[in-house]
Amino acid sequence: MDSSSGFLLICVLHSLIALTCGALMMFYSNEVSVFGHGIEVATKLKGSTPHDQLLIQTSDSFSGLLLFGIGLLLFMVALIKDRDFQVFFAKGCVVLHVLMAIWRVYFERKLEHLAHDLPRLVVGDVALALSWVFFLVYSWRDKYD
């Protein structure tokens, strides 16, 4: 298995994750919130007035649409065979996932309703970053062997 097929595999896996999560956020945001945070926290996150609930639901739908678009973009990028681009893209993804973990630690921990989910979310971000790091290590091995 060469690094190109590894890149394809990682991109397709990340694409499927993003497409699934994005679709669930767009169409089943309440159910996903209850599944991820529990009934009590999900109720608090939903908003207290009808106007707040509509704004939060619209925001969740647009966030899901953005995530779905990212999934489509990842699927398209998976088909690129240029080795230099693959390495560049993987480095960018590592930086993006690490920055997301840092953002969660510094900002999401201040939200009392979401603070108990923080370790699980940070571990997820680090795991996604590590998948790209493993690709980079594998591609460097191919390059220098």
Side-chain angles (χ1 to χ4, degrees), residues 1-80 83-142:
M1 181 157 112
D2 62 344
S3 63
S4 182
S5 59
F7 182 78
L8 174 71
L9 179 67
I10 293 172
C11 278
V12 168
L13 287 175
H14 283 241
S15 174
L16 289 174
I17 292 169
L19 288 169
T20 303
C21 292
L24 289 173
M25 284 176 67
M26 282 190 293
F27 301 114
Y28 300 104
S29 62
N30 292 334
E31 291 83 355
V32 170
S33 184
V34 168
F35 179 74
H37 302 293
I39 294 172
E40 182 181 328
V41 174
T43 304
K44 291 177 183 178
L45 292 175
K46 197 186 320 184
S48 57
T49 67
H51 184 262
D52 289 347
Q53 291 173 358
L54 182 61
L55 284 174
I56 291 169
Q57 187 177 11
T58 304
S59 174
D60 286 346
S61 293
F62 278 125
S63 298
L65 182 62
L66 177 64
L67 196 54
F68 193 84
I70 290 169
L72 290 176
L73 180 69
L74 274 168
F75 185 73
M76 290 187 286
V77 166
L79 303 175
I80 296 176
R83 181 188 200 110
D84 292 332
F85 175 80
Q86 290 175 348
V87 169
F88 173 76
F89 188 81
K91 288 177 183 177
C93 288
V94 169
V95 169
L96 182 69
H97 288 298
V98 168
L99 288 175
M100 187 64 196
I102 291 169
W103 181 83
R104 287 188 199 278
V105 168
Y106 282 109
F107 295 106
E108 284 192 14
R109 70 181 163 93
K110 296 177 184 175
L111 301 173
E112 63 186 57
H113 300 302
L114 299 178
H116 69 281
D117 290 332
L118 185 65
R120 178 177 54 95
L121 297 172
V122 170
V123 167
D125 290 330
V126 170
L128 290 171
L130 282 176
S131 66
W132 290 109
V133 169
F134 291 142
F135 165 74
L136 288 171
V137 169
Y138 190 75
S139 67
W140 290 332
R141 189 188 69 138
D142 281 353

query = After noting the C-alpha distance and the side-chain angles of Val105 and Val122, does the key distance pass the side chain to side chain contact (heavy atoms under 4.5 Å, CB included) rule?
reply = CA-CA 8 Å; Val105 168; Val122 170; 3.8 Å; yes
task = Carefully, step by step, assess Val77 and Phe85 under the rule side chain to side chain contact (heavy atoms under 4.5 Å, CB included).
result = CA-CA 10 Å; Val77 166; Phe85 175 80; 3.6 Å; yes
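- When the shell of 6.0 Å around CD1 of Ile39 is examined, it contains 12 or fewer heavy atoms from other residues, nucleotides or ligands.
- Residues Leu45 and Ser33 share a closest heavy-atom pair of CD1-OG, 4.5 Å.
- Judged by distance alone, with hydrogens and angles left aside, the side-chain atoms of Ser131 form a donor-acceptor pair with the main-chain N or O of Leu128 at under 3.5 Å.
- Contact detail for Leu16 and Thr20: the closest heavy-atom pair is O-OG1, 2.7 Å.
- Atom CD1 of Ile10 is separated from atom OH of Tyr138 by 11.0 Å, given to the nearest 0.5 angstrom.
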Leu72 and Leu19: CA distance, side-chain angles, deciding distance, side chain to side chain contact (heavy atoms under 4.5 Å, CB included) verdict = CA-CA 7 Å; Leu72 290 176; Leu19 288 169; 4.0 Å; yes
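- Evaluation of the side chain to side chain donor-acceptor pair (under 3.5 Å) test over residues 47-57, restricted to residues two or more places apart or in two chains, returns Thr49-Asp52.
- Looking only at distances, no side-chain donor or acceptor of Gln86 sits under 3.5 Å from a matching main-chain atom of Phe7.
- Checking side-chain atoms of Ser59 against main-chain N and O of Leu55 turns up no donor-acceptor pair under 3.5 Å.
- Atom CZ of Phe62 has 12 or fewer heavy atoms from other residues, nucleotides or ligands within 6.0 Å.
- Ring-plane geometry between Trp103 and Phe107 is classed as tilted, the angle between the planes lying from 30 to 60 degrees on a 0 to 90 degree scale.
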inquiry  = Could you walk me through whether Trp132 and His14 satisfy the side chain to side chain contact (heavy atoms under 4.5 Å, CB included) test, starting with their C-alpha distance in whole Å, then the side-chain angles of each, then the deciding distance to 0.1 Å, before giving a yes or no?
reply    = CA-CA 10 Å; Trp132 290 109; His14 283 241; 3.3 Å; yes
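- Within the model, atoms CG of Leu8 and CD1 of Ile80 stand 11.5 Å from one another, a figure rounded to the nearest 0.5 Å.
- The two residues Gly36 and Asp117 have their closest heavy-atom pair at O-OD2, 3.9 Å.
- Residue Ala90 comes nearest to Leu136 through the heavy atom pair CB-CD2, 3.7 Å, listed as atom of the first residue, atom of the second, then distance.
- In plain terms, the two heavy atoms of Met26 and Leu65 that are nearest each other are CG-N, 3.5 Å.
- Here Leu66 contributes atom CG and Ser61 contributes atom OG; the two are 12.5 Å apart, rounded to the nearest 0.5 Å.
- Within the 3.5 Å criterion, the main-chain N or O of Ser139 finds a donor-acceptor partner in the side chain of Arg83.
- Of all heavy-atom pairs spanning Cys11 and Phe89, the tightest one is SG-CE2, 4.4 Å.
- Applying the side-chain contact (heavy atoms from CB on, under 4.5 Å) rule to Ala18 yields the partners Leu67; only residues at least two apart in sequence or on another chain are considered.
- Under the 3.5 Å distance criterion, the side-chain polar atoms of Ser15 are matched with a main-chain donor or acceptor of Gly71.
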